[in-house]
Undergrad: 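Below is a structure I'd like to ask you about.
Because the structure is a prediction, the values reported are computed rather than measured.
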Amino acid sequence: MKRTRAEAVIEAVLFTMGESVEISRLADVIEEDVKVVKEILKGMEERYAREDRGITLAYFENAVQLCTKEEMYEYLVKIAKTPKKMSLTDTVLETLSIIAYKQPVTRAEIERVRGVNCDHAINRLLEYDLITELGRLDAPGRPLLFGTTEQFLRCFGVGKLDDLPELNPVQLEEFKQQAEAEVQLQLDV
């Protein structure tokens with residue numbers, strides 16, 4: 001397949017899918033190897049930047065998505081009014097961070113770290129598609145395992161889980177003290 005035709009096919013697939021597509025699947029579609037597809041994607045990305053286009057490519061692990069450039073968001077807001085934003089409380093964010101750093105993790109493990117029931121936070125994160133059920137732990141009761149989704153990576157601007165910032169031991173100790181204080185407050189009430 002000619003390179004311009006391959007690029008057009010990749011662009012059409014990414015546009016139509018509206019979500020990320022594994023690079024290996026794109027390679028299958030255009031009947032080329034992954035290396036060639038990566039070269040084509042790099043060329044597309046460079047052309048989008050050079051021609052000052054409103055779109056770009058976003059990479060997530062071994063997948064790519066056609067998306068709007070950040071600097072175009074203000075114009076999208078004008079046409080679509082105010083986009084729906086998810087509201088993440090401190091409790092939900094704490095639960096999400098535990099899942100992100102300890103995944104795959106069970107509800108019981110999350111509650112052990114937080115010291116409180118996490119049903120509401122987990123349900124909210126599932127609703128926002130920031131976490132997903134990854135299966136069941138091979139243990140008594142076969143509890144569900146949770147992990148983050150591609151939507152999590154997209155929302156927090158992270159390409160892959162390895163890009164998450166490392167927690168230093170001082171921060172970890174502060175988090176533990178805050179959680180213990182929160183538990184004590186709930187016991188006092």
Side-chain angles (χ1 to χ4, degrees), residues 1-88 92-105 122 124-135 145-168 171:
M1 185 179 290
K2 284 180 52 180
R3 191 164 187 111
T4 53
R5 180 69 175 168
E7 184 177 316
V9 170
I10 290 171
E11 191 173 56
V13 168
L14 293 176
F15 176 79
T16 303
M17 294 302 291
E19 57 188 33
S20 69
V21 177
E22 291 177 0
I23 294 172
S24 60
R25 287 186 64 201
L26 292 172
D28 291 342
V29 168
I30 65 167
E31 299 174 347
E32 289 286 353
D33 63 30
V34 170
K35 183 180 177 191
V36 170
V37 172
K38 287 182 178 179
E39 290 171 9
I40 292 170
L41 290 169
K42 185 175 182 339
M44 290 169 62
E45 192 172 18
E46 289 170 356
R47 186 169 51 85
Y48 294 154
R50 185 178 59 249
E51 295 175 2
D52 197 25
R53 305 280 296 275
I55 55 176
T56 190
L57 297 174
Y59 294 88
F60 305 101
E61 305 243 340
N62 296 316
V64 64
Q65 179 175 353
L66 189 64
C67 61
T68 307
K69 285 184 179 175
E70 272 187 50
E71 58 265 26
M72 298 296 143
Y73 288 171
E74 67 181 282
Y75 304 106
L76 294 175
V77 170
K78 288 179 182 178
I79 194 90
K81 306 260 191 245
T82 306
K84 180 184 174 190
K85 289 196 172 198
M86 62 179 85
S87 174
L88 300 177
V92 173
L93 281 172
E94 288 170 9
T95 303
L96 179 58
S97 65
I98 292 165
I99 294 168
Y101 281 97
K102 296 180 93 29
Q103 65 185 299
V105 62
I122 289 173
R124 180 71 63 200
L125 292 168
L126 286 166
E127 177 184 323
Y128 288 143
D129 191 33
L130 294 174
I131 66 169
T132 189
E133 297 173 0
L134 297 176
L145 291 166
F146 297 99
T148 56
T149 63
E150 191 175 285
Q151 178 68 12
F152 163 80
L153 297 175
R154 194 175 293 114
C155 286
F156 289 90
V158 180
K160 57 187 183 295
L161 292 174
D162 293 340
D163 293 342
L164 287 173
E166 289 187 29
L167 293 176
N168 68 44
Q171 283 177 318

Undergrad: Over all heavy atoms of both residues, which pair between C155 and L130 is shortest? Give the atoms and the distance, please.
TA: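 Looking at all heavy atoms of both residues, the shortest contact is SG-CD2, 4.0 Å.
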Undergrad: So which heavy atom on L153 is nearest to which on G159, and how close?
TA: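 Distance-wise, the nearest heavy atoms are CD1-O, 3.8 Å.
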Undergrad: Between E45 and T56, does the side-chain contact (heavy atoms from CB on, under 4.5 Å) criterion hold? Intermediate values first, please.
TA: CA-CA 6 Å; E45 192 172 18; T56 190; 4.3 Å; yes
Undergrad: Can any side-chain N or O of T148 pair as donor or acceptor with the backbone N or O of A100 at less than 3.5 Å?
TA: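 Side chain of T148 to backbone of A100: no pair is present.
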Undergrad: To the nearest 0.5 angstrom, please state how far the CG atom of L41 sits from the CD1 atom of I10.
TA: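 Atom-to-atom, L41:CG and I10:CD1 are 5.0 Å apart.
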Undergrad: Does any non-hydrogen side-chain atom of L88 lie less than 4.5 Å from one of Y128?
TA: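 Yes; the side chains approach each other to less than 4.5 Å.
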Undergrad: Are the side chains of F146 and L126 in touch, meaning some heavy atoms are under 4.5 Å apart?
TA: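 They are in contact (side-chain heavy atoms under 4.5 Å apart), so the answer is yes.
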Undergrad: Evaluate the side-chain proximity of I40 to E7: yes if any heavy-atom separation is below 4.5 Å, no if none is.
TA: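 In short, these two side chains touch, coming nearer than 4.5 Å.
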Undergrad: Using atom types as modelled and distance alone, determine if a side-chain donor or acceptor of K69 lies under 3.5 Å from a backbone N or O of Y48.
TA: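 Looks like yes, one N/O pair under 3.5 Å.
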Undergrad: Would you please test K42 and E39 for salt bridge (Lys or Arg N to Asp or Glu O under 4.0 Å) and show each step?
TA: CA-CA 5 Å; K42 185 175 182 339; E39 290 171 9; over 6 Å; no
Undergrad: Report yes if the side chains of L161 and Q103 come closer than 4.5 Å at any heavy-atom pair, otherwise no.
TA: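 Answer yes - side chains close enough.
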Undergrad: Would you compute the distance between atom CD of E133 and atom CD1 of I122 and round it to the nearest 0.5 angstrom?
TA: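 The distance works out to 10.0 Å.
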Undergrad: How close do L26 and V64 get, heavy atom to heavy atom, and via which atoms?
TA: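 Smallest interatomic distance, heavy atoms only, reads CD1-CG1, 3.6 Å.
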Undergrad: Answer yes or no: is there a side-chain heavy-atom contact under 4.5 Å between R53 and R47?
TA: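 In short, these two side chains touch, coming nearer than 4.5 Å.
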Undergrad: Would you say that more than 12 heavy atoms from the other residues, nucleotides or ligands in this model lie under 6.0 Å from the CD of E70, or not?
TA: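 No.
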Undergrad: Under 6.0 Å from the CG atom of D129, do we count more than 12 heavy atoms belonging to anything else shown?
TA: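 Yes.
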Undergrad: Determine whether more than 12 heavy atoms belonging to other residues, nucleotides or ligands lie under 6.0 Å from atom CZ of R5.
TA: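 At most 12 heavy atoms, drawn from other residues, nucleotides or ligands, come within 6.0 Å of this atom.
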Undergrad: Starting at CD1 of I55, measure out to SG of C67 and round the result to the nearest 0.5 Å.
TA: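 Spacing of CD1 (I55) from SG (C67) equals 9.0 Å.
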Undergrad: Grab the two heavy atoms, one from S24 and one from V34, that are nearest each other, plus how far apart they are.
TA: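 Reported closest heavy-atom pair: CA-CG2, 4.0 Å.
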Undergrad: Flag yes if more than 12 heavy atoms outside R3 fall under 6.0 Å of its CZ atom; otherwise flag no.
TA: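 Yes, the 6.0 Å shell around CZ holds more than 12 heavy atoms from other groups.
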Undergrad: Can you tell me how far the CG atom of L66 sits from the CG atom of L57, to the nearest 0.5 Å?
TA: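 That separation rounds to 6.0 Å.
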Undergrad: Are there more than 12 heavy atoms of other residues, nucleotides or ligands under 6.0 Å from atom CD of E51?
TA: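 Yes - once you tally the heavy atoms of other residues, nucleotides and ligands closer than 6.0 Å, there are more than 12.
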Undergrad: Which heavy atom in V158 sits nearest to a heavy atom in F60, and how many Å separate them?
TA: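 Taking V158 first and F60 second, the nearest heavy atoms are O-CD2, 4.3 Å.
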Undergrad: For K102 and V105, work out which heavy atoms get closest and say how close.
TA: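 Minimum heavy-atom contact is O-CB, 3.9 Å.
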Undergrad: Between CD1 of I98 and CD1 of I131, what distance do you get to the nearest 0.5 Å?
TA: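 Answer rounded to 0.5 Å: 11.0 Å.
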Undergrad: Between CD1 of I23 and NZ of K35, what distance do you get to the nearest 0.5 Å?
TA: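 Going from CD1 on I23 over to NZ on K35, the span is 14.5 Å.
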Undergrad: Do R154 and E150 pass the salt bridge (Lys or Arg N to Asp or Glu O under 4.0 Å) test, and can you show the C-alpha distance, the side-chain angles, and the key distance before you say yes or no?
TA: CA-CA 6 Å; R154 194 175 293 114; E150 191 175 285; 2.7 Å; yes
Undergrad: Would you say Y73 has more than 12 foreign heavy atoms packed within less than 6.0 Å of its OH?
TA: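 Enclosed.
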